[in-house]
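Notes for the one structure printed next.
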Protein chains: 2
Amino acid sequence: MPGGPRCRPRARKESKVGVRKKAVAADSVSSVVNRETAASTPVDVQRLNRFVGYALRRAQVAYFGDFARAVGGTDIRPAEFAALVVISANQGLTQSAIALVLGIDRSAGVSLIDRLESKGLALRVPVPTDRRSYAIMLTAAGQELLGQLMTSVTEHEDLMLKNLSKAERDTLLELLHKLY
Amino acid sequence: MPGGPRCRPRARKESKVGVRKKAVAADSVSSVVNRETAASTPVDVQRLNRFVGYALRRAQVAYFGDFARAVGGTDIRPAEFAALVVISANQGLTQSAIALVLGIDRSAGVSLIDRLESKGLALRVPVPTDRRSYAIMLTAAGQELLGQLMTSVTEHEDLMLKNLSKAERDTLLELLHKLY
DNA sequence: TATTGTTATACTCTATAACTATA
DNA sequence: TATAGTTATAGAGTATAACAATA
């Protein structure tokens with residue numbers, strides 16, 4: 001996939017985060033080690049599952065994890081797909097406006113549009129009336145790919161949401177929108 | 001906050017991702033630049049908002065972004081909170097088991113438990129019957145902090161979900177659980 | 001002065017591969 | 001051989017600060 005190395009090796013021994021291996025004797029802890037728990041007794045996740053934030057994260061990870069497979073060999077990531085959808089519905093939007101809509105920083109928008117442009121899906125068109133900014137447009141290839149993606153992403157969502165009725169799906173969408 | 005630098009400077013000029021600044025003349029694009037769109041006309045997000053994945057991401061970003069404020073000066077992140085909840089309800093679980101429950105890799109579990117341990121919230125207790133593994137336990141401090149966090153995180157969720165009725169909240173939780 | 005696009009940088013989260021000690 | 005914990009590493013995602021060109 002895309003992109004070269006962006007991170008460096010950590011310094012060889014600097015990486016010992018915190019205080020490791022300082023394990024204490026079991027009897028310095030009030031409770032006793034429960035061997036059944038450590039083995040294969042069902043884990044209690046009741047309290048954890050009451051938190052919406054945790055459920056949100058798990059659902060999002062599951063969704064994103066399957067996204068790459070869903071869009072096949074296109075090498076389009078969720079943020080890129082979202083950008084394509086926004087640009088398609090709002091041809092000529094500036095980069096900053098796109099970033100604002102997507103809820104990311106302007107600086108993050110640069111590499112997002114870079115990627116779309118390098119794939120031949122979008123273009124930066126100079127705006128004559130404001131030489132600081134570019135109008136972002138879909139290319140014909142971008143428009144066509146978006147058409148395919150609308151289908152494959154919709155299928156992906158159908159699969160992810162197969163346990164939900166149509167009404168539940170609408171409800172989920174509506175409730176999520178209330179969170180931001 | 002924690003952690004030193006982990007990334008290196010990109011090589012000075014290597015960073016030009018893709019083909020930038022190759023802006024073409026406006027008339028090489030079928031559509032014309034819509035100045036109103038580039039200015040302040042309301043942006044059309046109708047199609048984008050039909051995608052559950054996008055809504056999931058936005059909701060999760062909003063939730064996580066406010067989490068740090070919600071837990072005050074404790075410097076506890078969502079994953080650490082989730083780990084504390086799991087450990088508390090399942091004292092003595094191994095590191096691998098915790099990672100499995102949280103849906104992360106064993107290797108990611110290492111630094112998670114490292115952080116809890118370095119903050120004095122959890123302990124790695126040697127398991128006599130299996131010298132490869134540790135039983136993870138909450139310390140008294142961990143138990144107490146978790147008590148406070150249960151309150152502040154619950155308040156945080158109440159705030160995030162203030163636009164939802166109790167029934168809607170339960171529905172949201174139930175629907176999200178169906179996604180993973 | 002303010003904004004647009006940009007670059008350099010930093011940091012979180014998470015994964016994969018490989019290693020060591022143990023089973 | 002297989003598993004638990006660990007380390008080194010890669011890379012996605014995103015933020016902040018600062019700068020140049022332009023408004």
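So that the names make sense, note that chain A is the first sequence line, chain B the second, and so on, each numbered from 1.
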N/O (side chain, A/Arg115) to phosphate O (OP1/OP2, D/dA12) under 4.0 Å: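 No, outside the criterion.
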
Short side-chain N/O contact to D/dT14 OP1/OP2 from A/Arg77, under 4.0 Å: no

Parallel, tilted or perpendicular, as decided by the 30° and 60° cut-offs, for the rings of B/Phe67 and B/His156: perpendicular

Modelled atom types, side-chain donor and acceptor of A/Arg50 and B/Thr154, under 3.5 Å: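 Absent: no donor and acceptor within the cut-off.
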
Polar contact flag, side-chain donor to acceptor under 3.5 angstrom, A/Gln143-A/Ser88: yes

If I take atom [atom1] in residue [X] and atom [atom2] in nucleotide [N], what distance separates them, rounded to the nearest angstrom?
X        : N      : atom1 : atom2 : answer
B/Arg57  : D/dA12 : CZ    : P     : 16 Å
A/Leu100 : C/dG5  : CG    : P     : 12 Å
B/Phe64  : C/dC11 : CZ    : P     : 20 Å
B/Asp114 : C/dT12 : CG    : C1'   : 15 Å
B/Leu112 : C/dT12 : CG    : P     : 13 Å
B/Glu117 : D/dG5  : CD    : C1'   : 12 Å
A/Leu102 : D/dA12 : CG    : C1'   : 16 Å
A/Gln95  : C/dT3  : CD    : C1'   : 13 Å

Residue pair A/Phe81, B/Phe51: steps toward the ring pair (Phe, Tyr, Trp, His ring centres under 6.0 Å) verdict: CA-CA 11 Å; A/Phe81 171 69; B/Phe51 289 100; 5.0 Å; yes

Which residue lies more 5' along DNA chain D, comparing A/Glu80 with B/Ser96 via nearest heavy atoms: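 Here B/Ser96 is the residue nearer the 5' end.
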
Without swapping roles, check the side chain of [X] against the backbone of [Y] for a donor-acceptor pair under 3.5 Å.
X        : Y        : value
B/Thr139 : B/Gly142 : yes
A/Lys119 : A/Asp75  : yes
B/Asp44  : A/Asn90  : no

Which atoms of nucleotides 21-23 of chain D (N or O only) lie under 3.5 Å from a protein N or O atom, and what are those distances?
from, atom 1, to, atom 2, distance (Å)
D/dT22, OP1, A/Arg131, NH2, 3.4
D/dA23, OP1, A/Arg131, N, 2.6

Note: A/Lys166-A/Asp170 ion pair, threshold 4.0 Å (strictly below): yes

Residue among B/Leu161, B/Leu176, B/Leu164 satisfying side-chain contact (heavy atoms from CB on, under 4.5 Å) with A/Leu175: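 It is B/Leu164, the one option of B/Leu161, B/Leu176, B/Leu164 that forms the side-chain contact (heavy atoms from CB on, under 4.5 Å) with A/Leu175.
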
All N/O pairs under 3.5 Å across the protein-nucleotides 16-20 of chain C interface:
from, atom 1, to, atom 2, distance (Å)
C/dT16, O4, B/Ser107, OG, 2.8

